[in-house]
Amino acid sequence: MSQSAEKVLDHFHLFREPEYKEMFANKKKNFEFSVPAEELKKQVEYAKTVEYKEKNFAREALTVNPAKACQPLGAVFAANGFEGTLPFVHGSQGCVAYYRSHFSRHFKEPTSCVSSSMTEDAAVFGGLNNMIDGLANSYSLYKPKMIAVSTTCMAEVIGDDLNAFIKTSREKGSIPMEFDVPFAHTPAFVGSHITGYDNALKGVLNYFWDGKAGTVEPLKRKPNSSINFIGGFDGYVVGNNREVKRIFNEFGVKYTMLCDPSDAWDTPTDGEFRMYDGGTTLEDTANAINAKGTIMMQTISAEKTAEYIESKGQEVVRLHHPMGVKGTDEFLMAISKLTGKPIPESLTKERGRLVDAVADSSAHIHGKKFALYGDPDLMLGLTAFLLELGAEPTTVLSTNGDDAWAAKVQALFDASPFGKNCKVYPKKDLWHMRSLLFTDPVDFLIGNTYGKYLDRDTGTPLIRIGFPIFDRHHKHRYPVWGYQGALNVLVAILDKIFDQMDADTNGIATTDYSFDIIR
Amino acid sequence: MSATAEARVNGAELIEEVLKAYPEKSAKKRAKHLNVYEEGKSECDVKSNIKSLPGVMTIRGCAYAGSKGVVWGPIKDMIHISHGPVGCGQYSWASRRNYYIGTTGIDTFGTMQFTSDFQEKDIVFGGDKKLEKIIDEIQELFPLNKGITVQSECPIGLIGDDIEAVSKKKSKEYEGKTIVPVRCEGFRGVSQSLGHHIANDAVRDFVFDKTDPDKNKFESTPYDVAIIGDYNIGGDAWSSRILLEEMGLRVIAQWSGDGSIAELENTPKAKLNILHCYRSMNYISRHMEEKYGIPWVEYNFFGPSKIEESLRKIASFFDDTIKEKTEQVIAKYKALTDAVIAKYKPRLQGKKVMLFVGGLRPRHVIGAYEDLGMEVVGTGYEFGHNDDYQRTTHYVKDGTLIYDDVTGYEFEKFVEAVQPDLVGSGIKEKYVFQKMGVPFRQMHSWDYSGPYHGYDGFAIFARDMDMAINNPVWGLTKAPWAKAA
């Protein structure tokens with residue numbers, strides 16, 4: 001027996017004790033009828049080959065380890081960014097349990113969201129009664145200022161009509177006639193979580209700007225000097241939105257952040273549970289129609305919303321997760337151009353500090369090869385930043401990035417001498433990435449938590465940037481946008497490079513001549 | 001009035017107060033799920049296993065979660081296809097901590113996400129052709145897999161796909177390969193629970209009934225048992241198995257944590273099925289009893305009191321050699337459990353706990369808390385049935401608050417009023433209560449710790465509960481200047 005009260009062994013070490021190892025060996029030998037060791041080894045090696053990669057890339061139907069989720073997840077994200085808003089997903093209830101868990105595992109925060117809990121009878125007769133009762137219950141229990149409705153694939157397949165259902169619910173007295181219930185259809189079998197974000201956000205704007213689903217007169221735009229900011233589906237939303245607000249305040253511009261969950265997903269532990277905290281006010285949401293223009297931080301994540309805002313006569317600046325020196329320059333110049341305000345000296349100084357940091361460290365990044373995967377806008381920003389650092393983003397992959405996205409990445413490659421040997425892979429998953437890491441090895445991998453399996457299997461060290469990050473804490477509190485954000489990203493990359501360098505050179509009397517104390 | 005009688009009155013008042021927040025119709029319905037346990041009753045007197053109300057923030061999941069996430073997912077050498085849109089498989093990807101040993105992606109597939117990633121055209125034209133192709137591609141890229149299951153997501157049943165026909169056809173094409181269609185669409189039933197049942201039935205129909213009993217060379221012994229209903233969260237089944245082996249039993253199968261298809265296939269050869277999670281696997285245990293005459297016995301490996309009782313209960317099915325060895329096992333671990341209790345009980349004595357978990361732990365872990373001098377003052381099941389609540393009466397004390405399918409609102413209000421020293425529930429609840437300054441442990445995933453089963457697990461359980469409750473952070477939640485005010 002290895003366990004003791006003095007030194008409690010948990011799963012990390014308990015199962016390495018001899019009694020357990022013996023037990024595992026016997027279980028395998030006597031009961032599992034597992035694959036013979038030789039055959040296993042052969043397949044392990046075969047899965048590393050170019051031939052396997054070709055078969056892997058010939059896949060047409062199967063998806064293995066994708067880097068994307070489904071629409072309603074993005075819809076819940078968007079809803080969570082508005083003041084006092086309860087996300088309400090119409091359809092099966094299990095989905096909502098999944099979204100809430102998913103966000104809580106990433107942000108380490110509660111995520112409130114309700115379901116209309118449709119079951120077999122609703123599948124046959126439609127979910128109208130679920131909507132009527134659901135809105136009444138959520139309104140009474142959770143006292144929201146607004147309920148933002150989206151759909152699961154079940155409700156979409158049977159064709160439930162949200163507009164009509166919500167209207168009927170009002171008539172039946174579930175909610176007051178004037179209570180705000182924007183809605184969006186968010187079928188899981190179209191696009192990904194970023195599409196859901198786009199649809200839901202557009203749903204909110206459309207609701208407020210275009211007559212609240214036919215219940216009031218549409219708003220008439222009266223342009224003012226304010227600007228709107230839309231961040232897109234962003235795992236760093238807590239750190240990023242606060243950093244962007246700081247930047248706006250440095251400029252002294254009037255702004256409205258459309259969809260701001262940075263407080264909802266960062267509430268204090270002080271004895272009180274805040275179901276709602278912060279968020280874009282409903283008044284600001286309505287008034288945002290009057291803004292001079294809108295800055296889209298992740299346009300692929302909000303393309304339909306961008307088009308809708310443009311249709312109201314606003315100028316829309318389409319960015320793609322601008323990161324690093326040039327990316328942030330572009331962002332700041334866009335603010336300046338839109339508002340007519342000069343870029344503040346304080347930010348110019350921050351820029352200089354970032355360039356200083358890059359100059360200090362670039363020798364360690366220059367020429368290093370990176371494979372990266374994630375949401376399409378993030379990939380564009382990160383690719384540009386890596387090229388700017390003199391790194392080679394040789395493999396850039398996205399599951400929810402399409403051919404138009406790939407062309408944009410290719411254009412970045414083409415514009416830099418470091419992009420020469422780089423390749424972009426749209427609509428591919430992490431099993432494709434696994435093959436690529438074997439056949440076209442790189443120095444580092446950048447991706448979300450699931451990249452740790454690739455790190456383990458291929459020995460490519462993972463730098464965690466993306467969504468979700470489940471196995472490291474608090475990353476979402478640090479911005480990746482602005483010059484400060486770029487510095488955070490730079491440091492994350494450097495830390496991994498240095499850790500790897502030390503791990504590679506710590507062989508006593510073999511490699512430790514390079515185990516330098518100064519790097 | 002005695003302390004427990006007072007608790008009963010307070011509990012009843014609390015329930016009444018909480019129900020006021022609901023619309024009348026819903027309050028009436030929810031009232032049936034809430035009660036205060038009265039000593040001596042054989043029922044908890046709550047309704048269970050019925051539909052959740054829309055819009056109340058139920059904690060429940062769906063049938064797919066019960067099948068793919070719970071029963072089938074841990075079978076490590078099979079590939080489980082999440083059939084439908086991408087989300088379900090993505091959110092349940094590797095999050096349940098069913099530990100296993102194997103080379104992932106080569107002969108083992110537990111922490112992977114295989115999905116048919118349905119697109120609009122698959123909804124419109126059906127996904128059967130795609131499923132056929134997926135099975136071919138799996139065979140090409142993962143040739144060492146021992147079988148495939150098709151875990152249906154909501155759209156499958158709505159668009160009229162015939163996954164049974166595809167599975168049958170492909171099984172024939174691949175020389176009788178085990179391919180299991182599972183009708184666990186998320187809209188079926190009221191919770192994960194129906195998914196467990198459907199998954200159990202699929203094992204019966206597509207593993208037991210379709211497997212040649214001589215497929216795996218197997219020599220029986222009189223001491224062969226199968227562990228049923230242990231998902232090996234953080235290694236639970238392992239720290240259980242080791243005790244059974246020390247008793248002299250031979251564990252021929254684990255259902256389903258760290259399990260393999262061969263173990264499922266060989267289970268009808270067991271002499272006794274020992275059942276931990278009654279809720280999720282009583283169905284297949286009953287089936288094996290009827291069809292193969294294998295008796296089954298429920299056991300509880302949380303905390304030394306229940307472990308000891310359970311070991312003896314299991315041993316009672318065997319001869320004296322096993323019974324003697326069992327006593328030796330109990331004696332062997334006595335020093336460990338005494339030391340654990342001596343270390344932690346003084347730190348935990350009298351602490352109050354509220355639980356809300358799935359279908360087993362709301363009762364099963366109570367003994368472990370009591371071994372540490374703690375008291376469970378409220379408990380409830382996400383997807384328990386009436387037979388679970390009946391079994392609960394053997395565990396709970398007079399005045400315990402019982403809440404079935406608790407809603408976010410109710411749980412928050414109950415905890416606010418009762419002020420327990422610890423809440424044990426899931427990830428969705430964790431941060432709500434921590435914000436309130438209430439220590440919390442996830443009791444589905446063991447909060448990334450474990451194992452909690454068996455004697456080895458009890459030491460970890462005790463350490464973790466102490467770590468949660470006696471965390472200095474709980475002394476920091478109020479700013480000093482706020483305290484003065």
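By convention in this document, chain letters (A, B, ...) are assigned in the order of the sequence lines, proteins followed by strands, and residues within each chain are numbered from 1. Because only heavy atoms are used, hydrogens play no part in the values below, and waters and symmetry mates are left out as well, while side chains stay in.
For A/Lys27, the NZ atom counts as densely surrounded, since its 6.0 Å shell holds more than 12 non-hydrogen atoms of other residues, nucleotides or ligands. Within 6.0 Å of the NZ atom in A/Lys143, the count of heavy atoms belonging to other residues, nucleotides or ligands exceeds 12.
Screening A/Val76, A/Thr152, A/Thr151, A/Val89 for a side chain to side chain contact (heavy atoms under 4.5 Å, CB included) with A/Cys95, the sole residue that qualifies is A/Thr152.
Minimum interatomic distance between B/Asp456 and A/Gln3 (heavy atoms only, all atoms of both residues): O-NE2, 2.8 Å.
Of the atoms belonging to A/Ile132, not a single heavy atom falls under 4.5 Å from chain B. A/Gln93 touches chain B through backbone and side chain together, each having a heavy atom under 4.5 Å away. Residue A/Lys68 touches chain B through both its backbone and its side chain, counting heavy-atom pairs closer than 4.5 Å. With a 4.5 Å cut-off on non-hydrogen atoms, B/Val124 does not touch chain A at all. Residue A/Tyr52 touches chain B through both its backbone and its side chain, counting heavy-atom pairs closer than 4.5 Å. For A/Gln71, no part sits under 4.5 Å from any heavy atom of chain B, backbone or side chain. Neither the backbone nor the side chain of A/Met131 comes within contact range of chain B; no heavy atom of the residue lies under 4.5 Å from a heavy atom of that chain. Residue A/Pro72 does not touch chain B at all, counting heavy-atom pairs closer than 4.5 Å. Heavy atoms closer than 4.5 Å to chain B are found in the side chain of A/Tyr453, but not in its backbone. Heavy atoms of A/Ile147 lying under 4.5 Å from chain B are absent altogether. Contact annotation for A/Glu156: neither backbone nor side-chain heavy atoms come within less than 4.5 Å of a heavy atom of chain B. Only the side chain of A/Tyr142 comes within contact range of chain B, with at least one heavy atom under 4.5 Å from a heavy atom of that chain. When heavy atoms are compared at a cutoff of 4.5 Å, A/Glu39 approaches chain B by way of both its backbone and its side chain. Contact annotation for A/Arg274: neither backbone nor side-chain heavy atoms come within less than 4.5 Å of a heavy atom of chain B. Residue A/Ser138 touches chain B through both its backbone and its side chain, counting heavy-atom pairs closer than 4.5 Å.
By number of non-hydrogen pairs under 4.5 angstrom with chain B, the leading residue of A/Asn56, A/Val157, A/Asp10 is A/Asp10. Comparing B/Ala342, B/Ser260, B/Pro23 by how many heavy-atom pairs each has under 4.5 Å with chain A, the most go to B/Pro23. Between chain B and the options A/Val64, A/Asp429, A/Leu86, heavy-atom pairs under 4.5 Å are most frequent for A/Val64. Here A/Ser112 is the residue among A/Ser112, A/Ser192, A/Ala47, A/Pro187 with the most heavy-atom pairs under 4.5 Å with chain B.
Both tests hold for B/Arg250 against B/Phe218: distance to the six-membered ring centre under 6.0 Å, angle to the ring axis within 45°.
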- Going through the checks in order, is the side chain to side chain contact (heavy atoms under 4.5 Å, CB included) test met by B/Phe118 and B/Ile159? CA-CA 12 Å; B/Phe118 261 34; B/Ile159 61 176; 3.8 Å; yes

